Amino acid sequence: PPAIPAPCVTEFQSIEKDGANVQFLQCYNHAGTHLDAAAHVIEGGAWITDFRPEELIYSSIRYLDLSGTPEDTVITPSFLEPYLKDGLEEEALIVRFGVEQWRAKDPQRFSKHCPGFSISAAGYIHEKMPNLRLIGTDVPSIACISSLEETMKAHNVFFEQAKTPHFIIIEEMKL
């Protein structure tokens with residue numbers, strides 16, 4: 001996302017001076033594919049380090065391909081209704097918007113104009129998927145960056161309405 005600095009690699013040691021190459025990698029936790037836990041947006045929320053390994057295993061996953069969704073689209077419940085109206089039992093939902101090519105070819109477009117979920121869409125997803133423990137997507141944020149004031153709290157809704165405090169959002173997946 002635009003507010004997150006790019007990773008930076010700095011030489012620490014070199015073969016010439018020290019006999020080995022060693023670099024220092026500085027990378028913010030929201031660069032590239034990453035996991036959000038509740039502590040990302042909720043004071044006192046769970047950190048990813050609070051999860052037990054078995055909580056990161058999902059036996060039922062629904063894949064939803066929404067390729068072709070126009071840029072800057074704020075996803076609402078009406079947009080999702082054709083896919084979720086009858087409800088789903090899966091523990092994980094992976095949503096593909098098909099924006100992978102933007103990442104390399106048009107990074108500004110990728111960073112600033114991807115679709116994202118409205119607050120009401122996050123609640124609707126939980127309503128229709130009561131077993132949900134994870135949502136993942138190929139966009140840099142589940143919020144629509146171009147409508148951040150309107151959509152950032154979708155993160156909170158995903159975490160607050162989950163039946164487990166150990167809910168995960170995966171952003172910027174290569175799908």
Side-chain angles (χ1 to χ4, degrees), residues 1-8 24-66 69 73-77 80 83-84 87-97 99-100 103 107 110-112 114-175:
I4 308 298
C8 178
F24 172 71
L25 171 64
Q26 181 179 13
C27 182
Y28 292 86
N29 66 343
H30 277 69
T33 303
H34 62 277
L35 306 177
D36 286 349
H40 173 48
V41 293
I42 298 171
E43 189 68 41
W47 292 89
I48 196 66
T49 53
D50 296 331
F51 288 63
R52 297 182 318 273
E54 62 270 16
E55 292 178 293
L56 303 174
I57 298 170
Y58 303 88
S59 59
S60 57
I61 301 169
R62 177 63 58 129
Y63 180 81
L64 186 57
D65 192 337
L66 299 179
T69 301
T73 297
V74 175
I75 303 299
T76 61
L80 297 168
Y83 310 100
L84 303 179
L88 300 171
E89 297 299 320
E90 285 83 358
E91 300 172 296
L93 176 64
I94 305 298
V95 180
R96 179 179 185 266
F97 288 105
V99 297
E100 294 91 4
R103 185 188 307 200
F110 181 73
S111 292
K112 297 179 180 180
C114 285
F117 295 96
S118 66
I119 294 167
S120 58
Y124 180 77
I125 290 169
H126 270 304
E127 175 188 325
K128 295 298 182 177
M129 297 186 74
N131 300 322
L132 194 67
R133 299 188 298 120
L134 176 144
I135 186 166
T137 185
D138 57 347
V139 294
S141 175
I142 57 142
C144 182
I145 300 294
S146 64
S147 300
L148 206 53
E149 286 189 27
E150 174 188 347
T151 61
M152 183 61 188
K153 293 281 185 189
H155 287 81
N156 298 64
V157 172
F158 275 118
F159 294 121
E160 290 166 351
Q161 291 189 13
K163 290 186 178 177
T164 174
H166 291 179
F167 187 88
I168 292 179
I169 296 171
I170 306 177
E171 297 169 326
E172 205 169 324
M173 300 173 79
K174 185 173 183 180
L175 299 172

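Quick caveat: nothing in here was measured; it's all calculated off a predicted structure.
Here Glu160 pairs with Ile42, Asn156 under the side-chain contact (heavy atoms from CB on, under 4.5 Å) rule; sequence neighbours left out. Applying the ring pair (Phe, Tyr, Trp, His ring centres under 6.0 Å) test to Phe51 and every residue at least two apart in sequence or in another chain returns His166. Looking at residues two or more places apart in sequence or on another chain, you find a side-chain contact (heavy atoms from CB on, under 4.5 Å) between Arg96 and Tyr63, Asp65, Ser67, Glu100, Asp138, Leu175.
Of the options Val157, Ile75, Leu93, Val95, a side chain to side chain contact (heavy atoms under 4.5 Å, CB included) to Ile125 is made by Leu93 and by none of the others.
For the ring-ring contact (aromatic ring centres under 6.0 Å, His included) condition, the pairs that include at least one residue of residues 119-153, sequence neighbours left out, are His126-Phe158, His126-Phe167. Residue pairs meeting the side chain to side chain donor-acceptor pair (under 3.5 Å) criterion with at least one partner in residues 40-52, sequence neighbours excluded, are His30-His40, Arg52-Glu54.
Annotation for Pro140 and Cys114: closest pair CD-SG, 3.6 Å, computed over non-hydrogen atoms. Across His34 and Asn29, no two heavy atoms sit closer than the pair CB-O, 3.2 Å.
Looking only at distances, a side-chain donor or acceptor of Glu91 sits under 3.5 Å from a matching main-chain atom of Ser59. Although no hydrogens or angles enter the test, the distance criterion places no donor-acceptor pair under 3.5 Å between the side chain of Arg103 and the main chain of Gly32.
You'll find the side chain of Ile94 reaches within 4.5 Å of the side chain of Leu134, heavy atoms only.
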Tell me which donor-acceptor pairs under 3.5 Å the side chains of residues 143-151 have, and how far apart each pair is, sequence neighbours excluded?
from, atom 1, to, atom 2, distance (Å)
Ser146, OG, Asp72, OD1, 2.8
Thr151, OG1, Cys144, N, 3.0
Thr151, OG1, Cys144, O, 3.1
Thr151, OG1, Ser147, O, 2.9

